[in-house]
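Side-chain atoms are counted along with the backbone in the values below, which use heavy atoms only and exclude waters and symmetry mates. Because the structure is a prediction, the values reported are computed rather than measured.
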Amino acid sequence: MSAAADLGTVSATRVLDVRDLTVAIEAHGRRLQPVSGVSLHISAGETLGLVGESGSGKSMTGAAIMGMLPPGGTITGGSVTLGGRDLRSLSETDYRQVRGNDIAMVFQDSLTSLNPTRTIGYQIAEPVRIHRGASRKEAWERAAEVLSLVGIPRPAERLGDYPHQLSGGMRQRVMIAMALACEPKVIIADEPTTALDVTMQAQVLTLLDGLKERLGMAMILITHDMGVIAGRADRVNVMYAGRIAEAADTEDLFAAMRHPYTHDLLASIPLLDQDRSARLYSISGLPPDLSERSAGCPYASRCRRVSDACTALAPELIEHMPGHAFACWHPMPPQSSPVLVARRQANDSRHEETVEDATPPRLAVSGLVKEYDVRRGWFGASARLSAVAGVSFEIAPGQTYGLVGESGCGKSTLGRTIIGLERPTAGEIRLDGLDLEPLKGGEGRRRRRPIQMMFQDPYASLDPRLRVAAIIREPLRLAGDADRSAQDARVRDLLDAVGLPTSVLERLPHELSGGQRQRVGLARALAVHPSVLVADEPVSALDVSVRSQVLNLMKDLQADLGLTSLVISHDLAVVKYLADRIGVMYLGKLVEEGAGEDIYQAAAHPYTAGLIAAIPEPVPDVERAKPAAAVTGELPSAIDPPSGCRFRTRCPLADDICAVREPELIDLGAGHKVACHFPLRVG
Amino acid sequence: GGGGGNGKTPTVSGDKGFGSIPEAADTVQAGGTVDIALSPGLAPNYIYPNVPAVFNGTTVAPSQLWRPLYWRSTGATAAVNDELSIAEPPEYSSDRKTITIELKDSYTWSDGEPVVADDLVFSIELIRAALKEDASNWSYYTPGQFPDDLASVEATDEHTVTLTLTTAYNPGYFDAFVLGNLIPLPAHSWSKASDDGPIIDFRDPANAKATFDYLHKASQDQKSFATNPLWSVVNGPFKLKGFDSSTGGFTLVPNEEYSGPQAAQVDEVNYLPFTSPAAVFNQVRAGNLTVALLDSSYIDQLPTLESTGYNYYGMPKEGQVNSLFLNFENTTNNFDKMIAQPYLRQALQHLIDQPGYIKSKGIYNGAAAESYSPVSAASANAPGFGDKAPYPYSIETAKKLLEDHGWKVVDHGETTCVRPGAGDDQCGEGIPEGQKLSFNLFYANSPTSIAARNTAFIAAAKKVGITIESAAKATNFMYSNYDNNFAPENKDKWAVQDSGPINLGGYPTASLIWSTEGAYNAGHYSSEEADSLMNESISGEDPKALSNEATFLGKDLPVLYMPNPSNIVVWKKTLSGDPDAFANITQGFLTPEFWYYAG
Amino acid sequence: MSAGADSGQVVGAAEVLAGRRRVELLRRLRTGSPFGGTIGLVGVVLALAIVAVCFLGPLIYSTNQVDVDPLKAFLPPSGEHPLGTDSQGFDVLGRLMEGGRASLQIGVFAALVATVIGTLYGATAGLAGGIVDAVMMRFVDVMMSVPFLFVVLIVSTKFNSSAWSLSLILGLFSWLIPARLVRAEVLSLKTRDYVLAARSMGASGPSLVFRHLIPNSLGVVVVNITFQVADAILAVATLGFLGFGLSYPHTDWGGQLSAGVNYLLSGYWWLIYPVGLCLVAVVLAFNLIGEALRDTLDRRRTL
Amino acid sequence: MARYLARRLATSLVVVIGISIVVFLLLNAMSGAPGRSVLGPSASPEAVDAFNHKEGFDRPVVVQYLSYVQGLVQGDLGRSYKLNQDVGELLAQNAGRSAMLSLAALLLALAVAVPLGIYQARRRNRRSDSAITAATFMLYASPQFFLAVVAIEIFSVQLQLLPAQASQSRSAFVIFTDPRAMLLPILTLAAANIAIFARYQRSAALDQLGQDYIKVARAKGVSERKIVRSHLLRNSSLPLITLVGVSVPALLAGNLVIESVFNYPGLGLLFINSLAREDYPVLLAYTLIGGVLTVLGNLIGDLLVAIVDPRIELS
Ligand SMILES: Nc1ncnc2c1ncn2[C@@H]1O[C@H](COP(=O)(O)OP(=O)(O)OP(=O)(O)O)[C@@H](O)[C@H]1O
Ligand SMILES: Nc1ncnc2c1ncn2[C@@H]1O[C@H](COP(=O)(O)OP(=O)(O)OP(=O)(O)O)[C@@H](O)[C@H]1O
Ligand SMILES: [Mg+2]
Ligand SMILES: [Mg+2]
């Protein structure tokens with residue numbers, strides 16, 4: 001790339017200036033160009049959001065700035081200037097002086113990003129000792145100082161801890177402390193919260209934000225989550241296939257986006273206040289292979305506004321308006337994000353669903369308890385882990401029930417118990433009124449057949465040695481009620497139903513893309529005409545564009561087949577999009593239940609409210625208006641759950657009674673139930 | 001003093017020697033240390049000289065601390081050495097039942113007491129007491145013979161002992177098997193039942209038993225071998241200075257009170273323990289040993305060793321049978337029926353190429369002698385056929401013998417019996433038609449020449465269609481598993497075995513191994529004629545008896561004869577002495593008192 | 001993504017870590033293959049070459065490996081005997097082929113015996129779980145702690161070595177590693193989503209085992225076989241070297257080498273180096289093949 | 001720590017008991033009542049029976065086992081009838097030398113393999129890595145006795161630099177003062193382990209190098225040398241500690257071969273010689289000790305890991 005777009009004039013406050021950065025990687029005899037002519041800059045106190053699909057080159061850009069490309073990677077063009085210093089010309093030794101000192105980085109996975117055999121004190125002190133030439137003691141003191149900065153109580157005592165002794169959120173704070181130790185000018189946060197639960201994500205992001213402000217740092221926030229961007233970034237660079245597709249101030253971007261890719265990206269995410277009846281937009285095709293250099297616009301093959309010009313020549317990133325640049329031959333007319341549109345529509349249609357009539361429920365779960373014996377070794381004391389603690393709910397025929405909750409709250413356990421992979425410790429599961437639990441052996445398996453499951457990880461849930469045809473046929477074979485040719489016919493029907501070509505039949509799972517695999521998984525689940533489908537995190541392993549395809553498909557099939565389904569996800573938006581009714585779980589308990597809109601717009605449980613508040617929405621106004629961290633702290637251990645109301649340890653409204661008495665699930669009317677001594681809403 | 005026989009050539013029988021022994025050097029440099037290798041794996045662990053069977057071969061410095069009555073080696077021959085014996089030659093009465101032994105009056109114990117007739121009687125009483133406890137308590141015991149047949153033993157004067165026997169023996173036999181193994185012991189010092197106990201009368205069997213038990217027990221406390229005052233009372237040229245109980249290595253120093261013919265000339269003799277023949281060889285190669293017996297697999301290294309300063313000399317041991325034992329009772333595949341046929345044994349013997357094996361670089365490389373009977377062709381008791389093989393190597397003859405007796409010989413295939421029956425031209429009694437000539441053979445896993453010669457034999461057998469399955473085994477294993485006497489339950493498991501040499505001693509009658517009742521008759525060979533010939537060797541009068549026995553056994557083939565390998569001794573060129581004092585090492589006798597460093 | 005996977009933390013972390021580490025260890029002992037894709041090829045070519053020489057060689061270069069000629073012992077290499085002759089006068093090149101056949105046969109057979117036993121044992125333990133598994137694995141622990149070579153040597157004193165008995169003895173004492181591998185594999189497969197999926201569709205025990213568990217653990221088993229062959233060949237060679245090999249008319253490489261070593265100082269190098277190098281080559285070949293197979297397997301897994 | 005220790009000790013004890021049963025059964029199967037082999041061929045059957053009775057070999061197997069265990073607990077490993085010695089004493093005499101050889105070889109192997117493996121991992125897939133890997137593969141594929149023979153041929157026969165056999169001395173002092181004699185045995189014994197350890201270290205280091213904390217350290221500006229020293233080394237050595245514990249049987253087997261080739265009078269050679277003598281009490285006592293050492297090796301390995309690795313709860 002030659003002339004790069006100059007986004008504004010070089011000002012004295014620009015800390016970091018990247019121009020025309022091009023990175024090449026040589027690996028396994030292939031040459032990739034994961035970053036092509038990227039230009040960006042950032043000033044002190046500013047947050048630049050770098051957003052894009054997986055593989056779009058976000059991390060690689062960060063790595064190039066840090067001078068830490070993977071083996072085989074080189075910067076082949078462009079410049080990186082930090083405070084007027086050309087970093088590219090630095091020797092490795094000099095570059096080392098920059099890292100951790102002038103630019104610091106926060107990584108995604110805090111478990112693997114901390115050395116398990118070193119104390120956190122050592123790890124935080126390390127950069128101080130290197131860059132500040134501090135003594136062991138001084139560095140240690142500094143470590144305590146930054147640790148308190150990131151909000152860890154009694155920091156001096158924690159310095160001697162090892163990473164595994166900390167919770168995920170704490171570890172992420174330690175990571176941040178490590179990055180801050182030398183008060184860098186620029187901090188690059190690469191997906192700093194992707195591994196965290198939403199509640200924790202909100203806390204960490206707020207912390208980062210505050211620190212940046214206080215210390216006057218510049219921050220590059222790398223994420224794939226448009227919601228995070230909307231709430232935290234001052235400016236946004238949208239990346240696609242190693243290039244910047246669009247760059248603008250956050251408000252500008254959401255209010256008047258121009259690049260079709262930006263638009264499509266947003267259009268394919270389900271939103272909390274999504275119109276449930278509207279289909280999500282899906283971006284067709286796959287991102288381009290970065291090893292092939294094509295002349296045209298990299299998005300051309302997937303773009304709905306494509307023309308011959310697009311395939312002939314790649315558009316350059318041009319600042320069409322002050323502070324707003326995009327690289328497109330056929331920009332969309334300035335328009336606000338599809339989210340805002342959808343939002344507006346949804347607000348209009350505050351619908352009321354008919355309260356379930358007298359039809360008996362298809363699936364009824366009552367008083368379900370699942371506890372695990374966890375023993376500490378051979379002679380260790382036995383402990384009981386309460387994964388599900390007395391959950392009851394019903395799903396009417398044809399309805400979809402959604403389960404949400406933080407990680408570890410027992411959603412999957414509930415799902416596994418319902419389909420019979422686990423035996424409940426207590427409670428009943430009735431399918432069409434018949435209690436499934438006493439049934440064992442062949443009879444039990446047969447009676448459970450109407451309940452089928454769709455798994456989370458499309459890579460793990462298909463036997464890698466079986467061909468697609470055999471995989472889909474398996475439930476038919478197990479049911480054994482059709483001959484081979486009938487089975488084959490059914491397999492073909494199913495393929496058709498999930499929108500796969502028959503050519504995949506002879507393929508092995510690894511020859512399929514993630515989306516295709518998930519479709520195969522769905523086809524398999526549907527093979528025996530189940531009446532109930534349990535889908536555990538059906539889309540959380542999928543990339544945005546694929547995710548919308550699968551969501552659409554599930555939605556269509558629900559409607560077409562009249563399926564009764566249970567959708568489990570930690571993503572309230574996904575659940576709300578798919579489900580008629582939603583149950584919110586907390587630490588093995590159902591704390592609130594009701595229609596999606598009721599839950600979203602009139603949450604009665606403080607936990608639900610906090611959860612909703614923590615979910616980042618791709619709407620800058622909404623995001624900025626949100627309170628800082630609504631639910632604080634972390635999920636307590638399920639081995640010794642808090643007495644009374646399990647949420648009380650994190651509840652802002654908690655009172656003495658909460659510790660003593662367990663609140664019951666009470667109906668607020670219209671099927672909206674809540675288990676709280678101090679509900680936010682009554683009736 | 002000087003070497004006993006300056007200018008002498010070693011005493012040998014025949015010309016089977018290998019290498020040479022230089023004449024004794026004229027100038028003697030007194031003192032010095034001699035390092036000598038103990039037989040690998042045979043670390044001494046017992047000291048009392050009347051050895052129980054378990055410890056045979058593992059006693060400390062046999063004959064060098066306590067002299068035997070008769071020294072049965074002169075150079076490389078088994079002739080009695082009158083000079084080194086502590087008694088005059090025995091006198092037999094005409095009925096051969098009374099033997100008078102006169103001890104030389106020149107010998108004294110190291111504590112100054114003379115060696116007297118009672119010391120011999122004491123020793124014999126101890127043997128009797130020991131055998132009463134357990135038949136294995138004296139290595140040289142043959143049930144029914146000495147001392148069972150000892151009517152009386154008496155010290156008739158201070159230096160004379162008279163033995164009265166109930167049966168008569170061939171003097172050659174009795175000399176070798178009994179008198180040669182008797183060792184006078186210091187009764188004045190040892191005849192007690194505990195360390196500080198009083199001297200008791202050993203003629204009382206109860207006392208003899210107590211004494212034996214005491215000595216036997218003391219003899220197992222290896223840590224005290226060199227310190228226990230008991231063992232310091234000796235009459236040989238050396239005393240035990242140090243004993244390493246962990247390895248069995250020990251050091252001898254001259255017995256200053258020695259009263260015999262040749263006092264020790266070097267200051268110290270170190271017996272170094274070795275765990276393998278290779279270790280011995282390596283040490284020799286590194287020049288770290290003064291004297292060593294080498295494994296025959298190092299024969300072709302001898303010229304190299306010579307150039308680095310060693311003399312070497314090899315000689316087969318006399319009175320040694322080196323043969324493939326046959327199991328006449330193995331009924332598997334009718335082996336007993338087949339092996340009972342003399343023609344078949346002859347055919348097998350015809351397959352053994354003794355001259356070839358001796359010559360082969362892969363087997364003996366020259367260091368062995370042909371052997372066709374228990375007695376060597378060069379000995380005074382040589383068999384009638386001398387050194388001419390009764391059944392010389394000839395595949396053709398073997399084949400013809402088989403064919404003449406009703407076998408269909410298929411070269412490299414399966415020879416089968418086609419004419420069953422007991423007739424002259426038939427296979428033989430009990431051998432059915434279609435019988436295959438196949439059997440197994442176990443051989444000792446060391447030395448390498450054993451495997452090599454058996455392989456050659458098996459391969460030759462293949463040429464006439466005889467199939468022999470073979471496997472190498474530890475010698476011990478073969479003794480305890482493939483010996484019909486001790487493991488009768490396994491008698492059908494082996495047909496032929498080669499456990500290496502069996503030593504018959506200086507008077508090599510084979511009665512122990514081939515008489516019908518022989519204690520070591522592993523394969524249960526039985527022949528009336530052999531029995532009567534052996535009986536003659538033992539109890540007859542005829543000095544030719546042994547030769548007659550050997551002639552018959554050479555022809556009747558109780559075993560298949562193999563060459564007799566040389567024992568090879570190497571010693572530093574700086575070490576000199578009477579040539580016999582080196583030649584006798586090949587026969588297992590050590591006389592270090594004759595060695596000295598050349599000035 | 002899910003906290004469930006981490007629940008091991010609770011369950012006696014130390015035990016789990018230690019146990020897992022040990023299994024991991026066995027599995028990984030031979031990882032790392034910087035030759036790229038060629039290593040498998042090198043291994044296969046090497047193995048095929050050795051197999052061809054040993055099994056087909058005699059067709060082209062036929063020698064008398066039956067008749068001993070003691071007088072032709074230790075002839076140095078010449079036109080007539082490219083690798084000279086040994087102590088029996090056998091042509092060494094021909095002897096190499098003879099010994100190679102035995103070594104390969106024993107190696108392969110021992111590996112198969114070990115694999116069959118190990119697979120059945122490991123799969124049973126893994127599937128049964130609970131107390132059965134605990135007892136079975138404790139037994140494996142015990143057997144693994146008894147030094148294998150010692151026991152084989154001790155047992156060998158009682159047997160007459162034949163190709164069969166050797167491979168049987170080796171096989172009977174080397175099934176432990178495959179047993180552990182297969183058990184670990186079955187345990188991990190048991191909780192895989194696709195196995196859960198099959199269970200949730202109503203698949204019964206045998207159906208799970210035969211359709212999912214066995215085919216999917218086969219990879220590990222096959223990889224292990226190749227390593228096991230290499231190990232068995234080495235073990236046989238060691239046995240042969242220590243005097244428990246085959247006897248005439250049979251021979252094996254370890255025995256040949258051991259016989260040759262007796263003449264180390266005599267300069268008969270042709271008795272040592274050809275057979276030594278053959279041994280190295282064949283063990284190397286099987287290791288390389290195993291390495292490549294495992295690489296492929298791992299790559300497929302991480303896809 | 002105490003609890004973890006107690007737990008590991010308990011499991012180890014179970015395994016050790018198992019080993020003693022296996023070894024005892026083996027002893028029983030191999031030598032049965034040893035009277036005949038002890039007393040030799042000329043002993044009468046009565047004498048043999050008397051011996052077996054006296055020594056208790058005619059009692060029921062279970063009783064024999066219990067008394068065997070009782071002996072073991074009191075440190076009595078049995079008696080070598082062939083050598084007329086206490087097996088315990090016999091082993092004790094040789095143990096020091098074997099331990100010296102093994103430990104020297106082990107330390108050498110570790111000293112070479114750990115840096116080598118890390119070096120390889122850091123130069124992954126470069127030519128030097130491939131070359132070293134090729135070499136380690138070759139080493140791994142070479143039977144130890146062949147390596148030893150080649151070493152003797154080169155260093156003793158051809159170059160005449162080093163003796164062909166190990167020190168025969170019984171005193172540690174002499175062995176230390178003449179290190180030349182131990183060089184070849186130690187080197188060859190170490191060689192095979194270098195191959196295994198280096199391959200393992202390489203793979204462990206690769207695993208760790210792929211971990212994010214290395215990246216984090218780089219991002220903090222830590223130099224590569226320091227990354228290796230203060231981050232990589234400790235983490236990537238954890239598996240090696242376990243490996244060393246697990247490879248005790250292999251080390252013992254190596255001793256067997258090396259001691260017999262170099263004629264070094266340690267436990268291995270004692271074993272080989274006892275094999276030829278069919279001295280089963282010695283053979284099995286050593287096997288038992290080998291088993292116990294293995295368990296001990298595992299135990300120590302696990303404990304070391306537990307000490308070094310803070311993730312293992314020691315409370
Ligand atoms: N070490 C590497 N060697 C070769 N190619 C790599 C390497 N790391 C990343 N890539 C490639 O570089 C491209 C850009 O990767 P990058 O990690 O920057 O994407 P990303 O935008 O951060 O995606 P994600 O959201 O998944 O983290 C991808 O196609 C990836 O396959
Ligand atoms: N097999 C098991 N043994 C012991 N504990 C278990 C087991 N499976 C799950 N748990 C525990 O049960 C609790 C609930 O786990 P579950 O997987 O159901 O949570 P989840 O809500 O699905 O979380 P996520 O969103 O991370 O998938 C967790 O504390 C988990 O550690
Ligand atoms: Mg990334
Ligand atoms: Mg889950």
query: Hey, are the side chains of M201(C) and R449(A) touching, using non-hydrogen atoms and a 4.5 Å cut-off?
result: no
statement: CZ (R211(C)) and CG (D463(A)) are apart, to the nearest 0.5 Å, by 8.0 Å
- prompt: Looking at V528(A), L462(A), V534(A), I419(A), which one has more heavy-atom pairs under 4.5 Å with chain C than the rest?
  reply: L462(A)
task: Report the option among P475(A), G521(A), P509(A), G420(A) that has the most heavy-atom pairs separated by less than 4.5 Å from atoms of chain C.
output: P475(A)
message: Counting only non-hydrogen atoms closer than 4.5 Å, does A525(A) touch chain C with its backbone (N, CA, C, O), its side chain (CB onward), both, or neither?
response: neither
statement: Rounded to the nearest 0.5 Å, the CZ atom of R199(C) sits from the CG atom of L421(A) at a distance of 5.0 Å
message: For a quick test of reading the model, state the closest non-hydrogen atom pair linking M453(A) to S200(C) and the distance between them.
response: CB-OG, 4.1 Å
- request: Considering only heavy atoms and a distance below 4.5 Å, find which of E537(A), E474(A), R524(A), R416(A) pairs most often with chain C.
  value: E474(A)
message: How close do A197(C) and S461(A) get, counting heavy atoms only, and between which atoms?
response: CB-O, 4.2 Å
field: Heavy-atom contact with chain C under 4.5 Å, split by part of I451(A)
entry: backbone
